[in-house]
Amino acid sequence: MDLLVGRVEADPDASCATPARVAANPATGGHGELRRTVSLEALVLGVFSGLRPGTSLAAVLVLLRAPEPRRPLLFFTVAGFAASWVVGVLVVGVFHGADVAIGGGTLTAVLDVAFGAAALGFAAGLQRGWVQPPARRGDSAPRFARLRDPSPRVAAAAGVATHFPGLIYLVALTAIAGEQPGVIGAGLQVALYDALWFMIPIASLVL
Amino acid sequence: MNVRPGAALAWLEAATARARAHEHAVIVTSLVLIGAYLVVKGAVNLLD
């Protein structure tokens, strides 16, 4: 599912590996046509991840109650964002490489079915009470005790630990890989997803 | 960049309280929609 911004112009000879690309087309007198493709699925999932009341939000709430929240919140956000971005770009690269090796689209389709089934199974587990969301355990749990007045290292570690890649992130990365982006395009799309995922800590810094 | 913990904390706590009141329904519904969409999309792509 693509979100197309700008005019679409296909040029089979142009490098088609980047989602944000300029394709020179002789038919238009040599003027470049700007094409930007962003995975709409990844955007929707990014908003869902960013607003979901999960472990990350609980950690942010504890950090905001710290005596001086500015530095820990910055370390939390920067470290978590950086780690998630690196993992995301690597996973997109692996998915994309495997998809090309197997045959365009096949792996993405198989992963879509697998992740979709996992999401349905998780929903069933939540509905039947077999699974409990981590946030239910409350932010006063011992695992958050060190965040009440954290060192930069602890805050950074919390940023990484509370944004460990899960099902939704893998689904989003599959969607990004399915767009067959180049390295820069993949990096930008993963960064956009991560910015949405970190929207609460980022907003907390500027509110 | 200024942190105003009072404003951020008050806003977040209010938003979290509202979200948690409907958390179960929102998450289950979202997962069902996402899961159904992915299964259908993947199956259609595999059968193409």
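Protein chains get the first letters and strands the later ones, always in sequence-line order, with residue 1 at the start of each.
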Note to self: Quick check: under 4.5 Å, non-hydrogen atoms only, which of residues 192-200 of chain A neighbour chain B?
What the structure shows: Ile200(A)
Margin query: To check you understand the geometry: which heavy-atom pair defines the closest contact between Leu126(A) and His24(B), and what is its length?
Written below: O-CE1, 3.0 Å
Next item on the list: Please name the pair of heavy atoms, one in Gly35(B) and one in Ala119(A), separated by the smallest distance, quoted to 0.1 Å.
Entry: CA-CB, 3.8 Å
Item checked: Side chain / backbone / both / neither for Leu51(A) at chain B, heavy atoms under 4.5 Å -> neither
Notebook entry, point to check: Would a 4.5 Å heavy-atom cut-off, applied to side chains only, mark Thr108(A) and Asn45(B) as touching?
Noted result: no
Notebook entry, point to check: Among Leu38(B), Val39(B), Ile34(B), whose side chain to side chain contact (heavy atoms under 4.5 Å, CB included) with Phe115(A) holds?
Noted result: Leu38(B)
Next item on the list: Could you check Leu120(A) against Leu31(B) for side chain to side chain contact (heavy atoms under 4.5 Å, CB included), going step by step and ending with a plain yes or no?
Entry: CA-CA 6 Å; Leu120(A) 290 172; Leu31(B) 285 173; over 6 Å; no
Next item on the list: Side chain from CB out, backbone as N, CA, C, O: work out which of these in Val44(A) comes under 4.5 Å of a heavy atom of chain B, or both, or neither.
Entry: neither
Checklist line | Atom group of Leu45(A) that falls short of 4.5 Å from chain B, counting heavy atoms | finding: side chain
Notebook entry, point to check: Most heavy-atom pairs under 4.5 angstrom with chain B, which of Val171(A), Val113(A), Asp112(A)?
Noted result: Asp112(A)
